[in-house]
Amino acid sequence: MPFLSTPLTISATGSIVGSAWISGGIGALSISTIPALLQSNARTDGLVRAWHTQFSRALYIPSTAVVMALNYFYLAYRHRSAGREWRGYAGGGVANLLLVPFTLAFIAGINNKLIASMSGTPGLDVLSRVSATQLIKRWGDLNFYRIFMPLAGAALGLWNLLSD
């Protein structure tokens, strides 16, 4: 397949796979990790520490989404300049980029409350088991919606790649 040898096609494939990978990582958190944490019989501090561990390990997600978005925007620019279909790449970039403001608007407050409740944090704000469980459940529910942003980016990028 000659079209697979072009640098732009390889770049597009990287963003499509990267967007799908981010979506899968987010999905794993909401579909399996958070429910497992909530079903554990851990004390409140253990529950919050377990949440913080998965939160810390998933910090690559927003930065990876921004990198994928930048690559999609580059692809859109190059395709538009060449008079080729570009809107799918632009849409894919926007879809990936939406992850960041959504997180800041809806999830950052929950993150801050849970992090502040951890032992050893200055200005300790101890949470009850019920409060910690509610915050973690809410975090998982909101995180679930983030699955669809990079997934839409992957679908739009794939559409644009295949329509070339």
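The distance from atom CD1 of I26 to atom OG1 of T103, rounded to the nearest 0.5 Å, is 7.5 Å. Distance check: S56 OG to W51 CH2 gives 7.5 Å after rounding to the nearest 0.5 Å.
Counting heavy atoms from C-beta on, the side chains of I107 and R146 come closer than 4.5 Å. Annotation: side chain of Y89 is not in contact with side chain of S15 (no heavy-atom distance under 4.5 Å).
The cluster map of Ile, Leu, Val, Met, Phe, Trp and Tyr, joined by side-chain heavy atoms under 4.5 Å apart, puts V94 and L70 in the same cluster. Note: the hydrophobic cluster containing L59 also contains W21 (ILVMFWY, side chain heavy atoms under 4.5 Å, direct or indirect links). No continuous path of ILVMFWY side-chain contacts below 4.5 Å connects V17 to I147, so the two sit in separate hydrophobic clusters.
Contacts of R80 classified as salt bridge (Lys or Arg N to Asp or Glu O under 4.0 Å), with partners at least two apart in sequence or in another chain: none. In this structure R78 satisfies the salt bridge (Lys or Arg N to Asp or Glu O under 4.0 Å) test with no other residue, sequence neighbours excluded.
Residue Y60 places its OH atom among more than 12 non-hydrogen atoms of other residues, nucleotides or ligands, all under 6.0 Å distant. Heavy-atom neighbours of R87 CZ from other residues, nucleotides or ligands within 6.0 Å: at or below the threshold of 12.
In this structure, S30 contributes its side chain and G27 its backbone to no donor-acceptor pair below 3.5 Å. Y72 places no side-chain N or O within donor-acceptor distance of the main-chain N or O of G91, the cut-off being under 3.5 Å.
Contact record, P150 with N96: CB-OD1, 3.5 Å, taken as the closest heavy-atom pair. Of all heavy-atom pairs between D45 and R43, the closest is OD2-NH2, 3.1 Å. Nearest heavy-atom pair across M149 and Y145 is CE-O, 4.0 Å.
There is a side-chain donor-acceptor pair under 3.5 Å between S128 and S131. With 3.5 Å as the limit, one finds a donor-acceptor pair spanning the side chains of W139 and N111.
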